[in-house]
Undergrad: 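Can you read through this structure? Questions will come right after.
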There are 2 protein chains.
Amino acid sequence: MLTERQIQVLQVIIDEFIHTAQPIGSRAIAKKEDISFSPATIRNEMADLEELGFIEKTHTSSGRVPSEKGYRFYVDNLMLPFRLSNQDMGMIQRTFEREMIEFEKVVQKSARVLSDLTNYTSIILGPEVFETTLKQIQIISLSEHTAVAILVTSTGHVEHRYFNVPTTMQTADLEKLVNILNDRLVGVPIVHLQQKMYGEVAEMLQRYSSDFEATYAYLKEALLEKQPVKLYMDGKTNIMLQPEFHDIDKIQSLYSVMEKEDQLANLLRTSGKGIKVSIGQENELAAMQDCSLITATYSLGDEQLGTIALLGPTRMEYSRVVSILNVLSNRLSHKFNSWY
Amino acid sequence: MLTERQIQVLQVIIDEFIHTAQPIGSRAIAKKEDISFSPATIRNEMADLEELGFIEKTHTSSGRVPSEKGYRFYVDNLMLPFRLSNQDMGMIQRTFEREMIEFEKVVQKSARVLSDLTNYTSIILGPEVFETTLKQIQIISLSEHTAVAILVTSTGHVEHRYFNVPTTMQTADLEKLVNILNDRLVGVPIVHLQQKMYGEVAEMLQRYSSDFEATYAYLKEALLEKQPVKLYMDGKTNIMLQPEFHDIDKIQSLYSVMEKEDQLANLLRTSGKGIKVSIGQENELAAMQDCSLITATYSLGDEQLGTIALLGPTRMEYSRVVSILNVLSNRLSHKFNSWY
DNA sequence: TTTAGCACTCGCGGTTTCAGAGTGCTAACA
DNA sequence: TGTTAGCACTCTGAAACCGCGAGTGCTAAA
């Protein structure tokens with residue numbers, strides 16, 4: 001285990017490095033207020049810390065830099081709860097105080113404030129409401145052979161899908177179809193739509209002509225098409241502000257990852273409840289292994305709705321970022337709970 | 001005016017520089033197939049060309065590089081129609097051959113193929129269909145004081161807006177309202193919606209209670225809210241592949257511009273009919289002054305629907321890009337004409 | 001008018017140099 | 001025994017320097 005003094009030294013190194021991005025020498029540490037021993041002593045401690053893997057040298061003889069293990073230790077044991085400034089709280093406050101009735105806007109603004117506040121890249125997933133039920137379905141024919149189905153869920157989410165219609169199908173038939181669907185599907189949880197469609201509705205429809213069947217096939221495809229989960233990002237260019245990313249190749253690979261939204265979405269979706277920190281190599285995606293990703297979840301009652309995350313250099317202001325994510329995820333949860 | 005030989009030299013310089021991004025010397029030019037005079041002669045011609053402003057030196061004594069004036073001359077006078085390879089045509093072909101009934105998909109795929117084919121960044125605006133009329137309007141109440149209005153246009157475009165409802169309003173009233181709206185507004189061109197709303201509909205509604213009026217106020221706001229024009233981009237990271245953008249600052253300012261979608265949209269919307277090339281400083285946006293932007297429009301009948309564009313370094317493969325944009329804008333126009 | 005020749009210029013990559021920052025070790029000290 | 005001062009050593013990064021190669025402009029000959 002680390003001694004009290006080693007921890008103290010480690011703490012200074014990390015705190016300092018987070019702000020300066022420069023290796024820290026024993027001299028600099030000794031000058032710190034709450035350090036009361038000489039550089040030589042500190043050098044000894046640093047040698048130990050290095051041997052234990054918490055810090056590293058960039059070359060044979062320059063100051064020390066936190067290793068990923070060091071950050072991990074910091075996050076797990078050393079990090080103090082950060083008290084957000086009034087200004088920061090004010091910015092978050094203002095994001096939520098304007099009356100908004102669309103969750104898209106809320107989430108977008110959250111992403112914005114998150115990246116503005118931290119100068120990192122913010123990523124928000126969701127919300128995915130699983131308890132949602134179908135409130136209404138409507139089909140509007142557009143041309144002889146195409147139509148659009150509009151679904152409204154109990155949460156007020158509106159979605160539409162285009163699909164083909166057999167040319168033999170009449171407008172009247174379409175109306176009948178809509179009636180049947182509304183009859184059978186309204187109130188059904190979205191997640192069970194598929195099952196219901198295959199079961200009752202299919203059966204019901206089979207009593208009619210083959211036209212219905214063909215339409216049904218198209219419609220089914222449209223309705224069950226996996227709805228892409230929305231990913232909201234902001235502050236993508238912030239990464240370039242970080243000195244460790246003054247390298248085109250790194251930036252490029254990172255940007256490529258950010259363009260693969262489904263991959264990112266998956267990553268965020270599988271991040272467990274609460275706040276989670278992934279440091280450097282701990283990240284699954286290779287392109288992110290110079291970064292840290294901090295995720296937090298927001299929820300409706302007990303049900304997890306989505307994830308908010310920040311992507312930045314491993315040299316992140318962990319404690320501040322965690323506080324901000326905490327506040328924001330709570331705000332988001334509240335907002336959604338007040339709606340539904 | 002330029003002599004035949006000067007033009008020949010200029011052509012070689014530009015062609016070569018477009019592919020190598022390296023300054024060209026008199027030696028290199030002399031080695032070209034269709035050049036039959038010595039380096040010394042070429043040096044004289046180059047001195048003239050430089051004096052006239054068509055080419056530049058990067059420093060006192062290195063090869064020449066095309067100036068923006070040079071590119072402009074090339075684009076206006078020298079550029080030969082480029083014959084696209086079968087492979088290129090094939091890629092475009094394949095983009096359109098899969099049956100698609102959503103224009104979003106078509107446009108997205110177009111953006112993709114455009115950036116894949118060129119290795120530049122593609123930007124597509126639209127489509128904005130002005131002749132569209134309202135096909136149907138529906139209002140679904142979500143909670144005591146919120147509702148969502150769903151609009152379907154004659155082109156099959158679906159849009160929804162959330163708005164507040166006075167708590168005194170009853171469901172039955174809402175239905176009445178919808179009926180009135182459908183009665184009065186269906187078939188009205190979208191651009192005239194506002195006018196109609198203020199006129200007939202307002203009058204009609206005033207005969208009812210004050211509740212209607214309040215709802216009307218909210219609804220009006222929601223319906224007339226300026227619909228954001230969609231901008232589709234692809235290949236944003238391609239810029240980093242260009243050697244002249246191996247500079248973080250340039251990249252950052254360019255990316256910042258790309259995040260300001262409304263600014264970009266405006267730029268594209270005001271680009272006149274047909275193909276237009278903006279080289280370097282000719283661009284309005286400061287951050288783009290190291291780039292060239294080539295725009296083309298696509299249309300429905302006579303009506304311009306939107307713009308497709310490519311953003312790349314001033315050292316662009318103008319002739320190829322112009323051909324590609326030509327083909328693609330035609331394809332897009334055809335697609336939309338076949339639908340509506 | 002074109003071309004060969006030549007002196008000159010400049011950027012680029014590699015090497016050298018030097019100061020500064022930092023270390024590890026040793027020996028003295030409390 | 002833990003702490004500290006001192007010192008030799010290492011390494012980086014910036015600046016200075018050097019020589020090569022590519023390219024030019026000019027002059028004079030073809």
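The chains referred to below are lettered A, B, ... by the order of the sequence lines, with proteins before strands, and numbering in each begins at 1.
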Undergrad: To the nearest angstrom, how far is B/Glu56 atom CD from D/dT24 atom P?
TA: 15 Å
Undergrad: Nearest of D/dG25, C/dG24, D/dA22 to any side-chain atom of B/Glu50?
TA: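 So the side chain of B/Glu50 is nearest to D/dG25.
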Undergrad: Quick check on DNA chain D: between A/Phe37 and B/Arg64, whose nearest nucleotide comes earlier from the 5' end?
TA: A/Phe37
Undergrad: More 5' along DNA chain C: A/Asn44 or A/Ala28, using each one's nearest nucleotide?
TA: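 First, find each residue's nearest nucleotide; the 5'-ward one identifies A/Ala28.
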Undergrad: What is the distance from CE of B/Met46 to P of C/dT3, rounded to the nearest Å?
TA: 14 Å
Undergrad: Give the rounded distance in Å between these two atoms: CD1 of B/Ile42 and P of D/dA22.
TA: 17 Å
Undergrad: Before accepting this row, confirm whether a basic side-chain N of the pair A/Glu282/A/Arg72 lies closer than 4.0 Å to the acidic partner's carboxylate O.
TA: yes
Undergrad: Provide, to the nearest angstrom, the distance between the NZ atom belonging to A/Lys31 and the C1' atom belonging to C/dG22.
TA: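 Result: 12 Å.
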Undergrad: Using every non-hydrogen atom in the two residues, find where A/Glu68 and A/Gln289 come nearest and quote the distance to one decimal.
TA: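 What the structure gives for the nearest pair is OE2-O, 4.0 Å.
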Undergrad: Do A/Thr41 and A/Ser38 have side-chain atoms, one donor and one acceptor, less than 3.5 Å apart?
TA: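 A/Ser38 and A/Thr41 do have a side-chain donor-acceptor pair below 3.5 Å.
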Undergrad: Nearest-Å distance, NE2 (A/His59) to P (D/dG13)?
TA: 6 Å
Undergrad: In terms of side-chain heavy atoms of B/Ser38, which of C/dA4, D/dT4, C/dG24 is nearest?
TA: C/dA4
Undergrad: Could you check B/Tyr318, B/Tyr120, B/Tyr71 and say which one makes a side chain to side chain donor-acceptor pair (under 3.5 Å) with B/Ser292?
TA: B/Tyr318
Undergrad: Any side-chain N or O of A/Ser61 less than 4.0 Å from the OP1 or OP2 oxygen of D/dC9?
TA: no
Undergrad: So does B/Arg27 reach the base of D/dG23 with its side chain, donor to acceptor, closer than 3.5 Å?
TA: no
Undergrad: Once you round it to whole Å, what is the distance between C1' of C/dT2 and CD of B/Gln6?
TA: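 Between C1' of C/dT2 and CD of B/Gln6: 15 Å.
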Undergrad: Kindly point out which of D/dG25, C/dG22, C/dC10 is positioned nearest to the side chain of B/Thr60?
TA: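 That would be C/dC10.
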Undergrad: OP1 or OP2 of C/dG11 sitting under 4.0 Å from any side-chain N/O of B/Lys57?
TA: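 Negative; the distance criterion is not met.
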Undergrad: Could a donor-acceptor pair under 3.5 angstrom be found where the side chain of B/Arg43 meets the base of C/dG5?
TA: yes
Undergrad: Rounded off to whole Å, could you give me the CG-to-P distance for the B/Asp48 and C/dT1 pair?
TA: 12 Å
Undergrad: Whole angstrom is fine here: how far is it from CD1 in B/Ile55 over to P in D/dG23?
TA: 14 Å
Undergrad: OG of A/Ser278 to CG of A/Asn283: how many Å apart, nearest 0.5 Å?
TA: 5.0 Å
Undergrad: Can you tell me if A/Arg5 touches the phosphate of D/dT3, counting only side-chain N or O atoms and a distance under 4.0 Å to OP1 or OP2?
TA: yes
Undergrad: Using a 4.0 Å heavy-atom cut-off across all strands, classify B/Thr58 as base, sugar-phosphate, or nothing.
TA: nothing
Undergrad: Output yes when at least one side-chain N/O atom of A/Ser62 is less than 4.0 Å from OP1 or OP2 of C/dA21, else no.
TA: no
